[in-house]
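Convention: sequence-line order gives letters A, B, ...; per-chain numbering from 1.
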There are 2 protein chains.
Amino acid sequence: MDHATHTHAKAPQGKGPQGADPTRIERLCIERGLKMTGQRRLIARVLSEAEDHPDVEELYRRAIALDSKVSIATVYRTVRLLEEKGILERRDFGGGRSRYDPADRGHHHHLIDVDTGTVIEFEDEEHERLVQSIAARYGFTLVQQRLELFGKKAPAPAPAPEAKRRPGTATKKDGG
Amino acid sequence: MDHATHTHAKAPQGKGPQGADPTRIERLCIERGLKMTGQRRLIARVLSEAEDHPDVEELYRRAIALDSKVSIATVYRTVRLLEEKGILERRDFGGGRSRYDPADRGHHHHLIDVDTGTVIEFEDEEHERLVQSIAARYGFTLVQQRLELFGKKAPAPAPAPEAKRRPGTATKKDGG
DNA sequence: CTAAATGCAAAGCTTTTGCGCTCGT
DNA sequence: ACGAGCGCAAAAGCTTTGCATTTAG
């Protein structure tokens, strides 16, 4: 259901009973001077508690499960806003829907199991150095990057005699 | 209009007058036993001549410019088919539309200039080795990968005081 | 109090699909 | 001849938006 490295939506990170103090994401919103409505607080909380890569529908589902005073249009408006503010990063793992990832988790990449849809997050220092040097090679400064590996658990696959699966279209597991 | 490494739609690769012999992509289609209709031949030709990463609308535009006997639905159906057959690879550079890239060009990655939308293709052996080893580290065999670098020409950017641009949403240049 | 945010439903975009006709093989 | 492919237009997803109402600061 989730990526292998950690479990799904986790409890608040060691604060008191989760009811009235600002979540991680909410704090970021306040820092950037956003007007904090009840809906935004709610969405911020859902995002703070999520450790996967939910799409808008999933965020909406989790939000109304907690409070039910949000419309999906507001979720769309909010993730867009938070992305513009650099609080969220939008991802595309195939499947047509955008997935969202809090930026404060630090840079990481994804290894997607094409058979199960499982998403594994990873970091790699050597890779970071390498892409910096590649960008530099062309006279560029890196603003953003995206590395996604799609793989299978088994040995090496035959060179695809006939691909029935659309590459990049994960089977809708993590976050969805 | 195109990426910096090479020019736009090129002339047929040294064959006779381009009218009646199979293009590079058409040959691949025949190899896989696809029924070659006039429309498919036309689309195959457009793909063979393209060196950028056109989306469906752009393919459609180029196709009707040559012949005008295609509907956009057929272009959609054809790129989907060719992707399933492993002849095309679908890409997402942001902007909502899928872009297509003939697979026989060999594996390469993309460096996108976020200011101009220019797409630079590159390869990097060290990177290939690295991702293989990363996949292996998790017990996976790589089926596909995706590396996209988004950058700017200038010096290092300040840590984004307020991002107005949606990351990954290129300003529609290459292929569009 | 004023500008910004929300809800709802309608509209926008890209992509897919049902169906009758056409065309490769 | 027959099944695959085509065109057209309608429909399906995901996302955005207009407008009247509510709310944060």
If I take atom NZ in residue A:K35 and atom P in nucleotide C:dT2, what distance separates them, rounded to the nearest angstrom? 13 Å
By nearest-heavy-atom nucleotide on DNA chain C, the more 5' of B:R41 and A:L34 is A:L34
Would you say the side-chain atoms of B:R45 pair up with the backbone N or O of B:T23, donor to acceptor, closer than 3.5 Å? no
Interatomic distance, A:L81 CG vs D:dT16 P [rounded to whole Å]: 12 Å
Can you check whether A:S71 has a side-chain N or O nearer than 4.0 Å to OP1 or OP2 of C:dC8? no
Quick one: B:R97 CZ to D:dT15 P, roughly how many Å, whole number? 16 Å
Salt bridge or not between A:E58 and A:R61? Use side-chain N to carboxylate O under 4.0 Å. yes
B:R40 side-chain proximity, nearest of C:dC13, D:dG5, C:dT6: D:dG5
Could a donor-acceptor pair under 3.5 angstrom be found where the side chain of B:R77 meets the base of D:dG7? yes
Send over the distance from A:I64 CD1 to C:dC8 P, rounded to a whole Å. 11 Å
Presence of A:T37 side-chain N/O under 4.0 Å of C:dA4 phosphate oxygens OP1/OP2: no
Distance check: side-chain N/O of B:Y76 vs OP1/OP2 of C:dT16, anything under 4.0 Å? no
Short N-O contact, B:R90 and A:D92, less than 4.0 angstrom: no
Check whether any side-chain nitrogen or oxygen of B:Q39 sits under 4.0 Å from OP1 or OP2 of D:dG7, and answer yes or no. yes
Given D:dT16, is OP1 or OP2 found less than 4.0 Å from the side-chain N or O atoms of A:R80? yes
Provide, to the nearest angstrom, the distance between the CD atom belonging to A:E84 and the P atom belonging to D:dT15. 15 Å
According to a strict under-4.0 Å criterion, is A:T78 in side-chain N/O contact with OP1 or OP2 of C:dA5? no
If we count only N and O atoms by modelled type, under 3.5 Å, do the side chains of B:H53 and B:E121 hold a donor and an acceptor together? yes
Send over the distance from A:K85 NZ to C:dA4 P, rounded to a whole Å. 12 Å
Distance col, row B:K69:NZ vs B:L42:CG, nearest 0.5 angstrom, shows 9.5 Å
Give the rounded distance in Å between these two atoms: CD1 of A:I72 and C1' of D:dT16. 12 Å
Taking CG from A:D92 and P from D:dG13, how many angstroms apart are they, rounded to a whole number? 18 Å
According to a strict under-4.0 Å criterion, is B:T74 in side-chain N/O contact with OP1 or OP2 of D:dG5? no
